[in-house]
There are 2 protein chains.
Amino acid sequence: MRETAEAKTASELTRARLLDAAREVFSQRGFQGATVREICRRAEANGAAVNYHFGSKDGLLAEALNFAPLAALQKANANESPRTRLRLFIRDFMLMLLDENNPSSQCRIMARELADPTPALDKIVREAIAPLHEFLGLLVREILDDSGGGKKVGAAEQRRCVYSILGQCLFYRHSHPVLQRLHHKLRYDHEEIVAIAEHIVEFSLAGIKHLSKK
Amino acid sequence: MRETAEAKTASELTRARLLDAAREVFSQRGFQGATVREICRRAEANGAAVNYHFGSKDGLLAEALNFAPLAALQKANANESPRTRLRLFIRDFMLMLLDENNPSSQCRIMARELADPTPALDKIVREAIAPLHEFLGLLVREILDDSGGGKKVGAAEQRRCVYSILGQCLFYRHSHPVLQRLHHKLRYDHEEIVAIAEHIVEFSLAGIKHLSKK
DNA sequence: AAGTGTATCAAACGCGTGTTTGAAAGTAAA
DNA sequence: TTTACTTTCAAACACGCGTTTGATACACTT
């Protein structure tokens, strides 16, 4: 039965290699910019392998996506205070977004697709982004209530706070090519990412608190 | 001589039509997503017109860009207070970014190119984005000094404040496809854009002030 | 009216893309 | 070993892209 297992995993190994290569290339070049040929080359597979194993480039993207790491971020630290949960979430989210060594390229793939709709975007929005927005919305609401300003903050403003937080986070990934040209010594090492996250937390908490007290 | 003038402007008219169509298509589909054929179709010109008049698709983009409107935003209201100048800038910037009826599609074109380097990106960064960052950096510095907190705020934190502001602004354009799916009744009319700008101003001023006082 | 340079046009070119094909190699069961 | 099925492979296909070409129409000069 050793041959059976080996044969089975032989096919599954190329599948896995294709998925790994796809995640890498998609996160670096985006879905449009990535080519099936480059993915196959990196996976040391034949050019027809993608269509054989996944049907199409779209199918490969669909299987390459994995929303679990992002969802895990939201479930962690449930017993901490809202502010602490926001702080920890932003730190880990930024590490996913910016740290090339982070094993979860999912966020980097998704971030690239935000502006350029893909057949997979509907699924991404439904299964990853909508829950993320809801999670942050609840967190912002808790912090608003906690801040104890008498001001009643409406749903629209609460939503805009979520957008402000996500906008700050995504900016560093989205505008990376520009920031590199502006600031040649730029490099996202672990220390720098944590400092960025800390800035976003402080900046955002002040913004939220201000809204509740105005 | 009437015929001469007509003949001369006949060519210049197609040039102008091509530029208009190019700005429209580039801002809607991005440089990569835009096709020469669609631009020519919208301009009611022949498929070879772009290469005849501008040499290449790249050349068309280079001529379609115009940094004056963005620069004008920075020079206006020079005698107002730093906070007011920030408020007015963000409002007009958001109107450029989000209002499809705004005659200046430049910002919308540039925003699409941020993430996807184009041969023109170096020029865009040098002539438009770098001055913009410097402008906002000075404004943030003035507001920090004005806030009178004894805390000395370093250049890195000042820069991150600029990133926080721009990140919030660009998020609405960058993530528009996602926000539409999340929130189906979303529409950027004038009133909504102004409300968004106002939120970003309040949120950001609180964040900046917090940094200076911490 | 003939000549000259410019602008437009339909058609095609060269290239890269995702995908398909049919044969060859490999693997498991009979 | 033979048979049936799965996986790999080089090659080609169909398509869309930016671009080029050579003919044609046009406006202006001589």
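When reading the values below, keep in mind they use all heavy atoms of this one structure, side chains included, and skip hydrogens, waters and symmetry mates. Proteins get letters first, then strands, A, B, ... in listed order; numbering begins at 1 in each. Quick caveat: nothing in here was measured; it's all calculated off a predicted structure.
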Notebook entry, point to check: Is the base of D/dG18 touched by the side chain of B/R37 through a donor-acceptor pair closer than 3.5 angstrom?
Noted result: yes
Margin query: Using 30° and 60° as the class boundaries, would you call the ring planes of B/F203 and B/H199 parallel, tilted or perpendicular?
Written below: tilted
How many whole angstroms separate atom [atom1] of [X] from atom [atom2] of [N]?
X: B/R29; N: D/dG18; atom1: CZ; atom2: P; result: 13 Å
X: B/I39; N: D/dT19; atom1: CD1; atom2: C1'; result: 14 Å
X: A/R41; N: D/dA10; atom1: CZ; atom2: C1'; result: 17 Å
X: A/H53; N: C/dT20; atom1: NE2; atom2: P; result: 15 Å
X: B/L13; N: C/dT8; atom1: CG; atom2: P; result: 10 Å
X: B/L18; N: D/dG18; atom1: CG; atom2: C1'; result: 15 Å
X: B/E44; N: C/dA10; atom1: CD; atom2: C1'; result: 18 Å
X: B/N51; N: C/dA10; atom1: CG; atom2: C1'; result: 15 Å

Next item on the list: Using a cut-off of 6.0 Å, state whether more than 12 heavy atoms not belonging to A/E127 lie near its atom CD.
Entry: yes
Note to self: Can you give me the bend angle of the helix from C/dA1-D/dT30 to C/dA30-D/dT1? Use the axis through the first five pairs and the one through the last five, nearest 10 degrees.
What the structure shows: 20°
Check this one for me: any side-chain N or O of [X] less than 4.0 Å away from OP1 or OP2 of [N]?
X: B/T14; N: C/dT8; answer: yes
X: B/S11; N: C/dA7; answer: yes
X: A/N46; N: D/dT8; answer: no

Notebook entry, point to check: Does the side chain of A/Q180 reach to within under 4.5 Å of the side chain of A/K185, using non-hydrogen atoms?
Noted result: no
Check: Taking atom types as modelled and ignoring hydrogens, do the side chains of A/Q168 and A/S204 form a donor-acceptor contact shorter than 3.5 angstrom?
Finding: yes
Note to self: What contact category does B/A48 fall into here, base, sugar-phosphate, or nothing, at under 4.0 angstrom with non-hydrogen atoms?
What the structure shows: base
Note to self: Rounded at 0.5 Å granularity, tell me how far CG in A/L13 sits from CD in A/E44.
What the structure shows: 12.0 Å
Next item on the list: Measure from the side-chain heavy atoms of A/K57 and tell me the nearest of D/dT7, D/dT19, C/dG18.
Entry: C/dG18
Margin query: For A/R29 and A/E38: C-alpha separation, side-chain torsions, deciding distance, then whether salt bridge (Lys or Arg N to Asp or Glu O under 4.0 Å) applies.
Written below: CA-CA 11 Å; A/R29 308 226 193 287; A/E38 179 177 2; 3.1 Å; yes
Item checked: 5'-most by nearest nucleotide on DNA chain C - A/Y52 or A/T35 -> A/T35
Check: Quick one: are the ring centres of B/Y163 and A/Y172 less than 6.0 Å apart?
Finding: yes
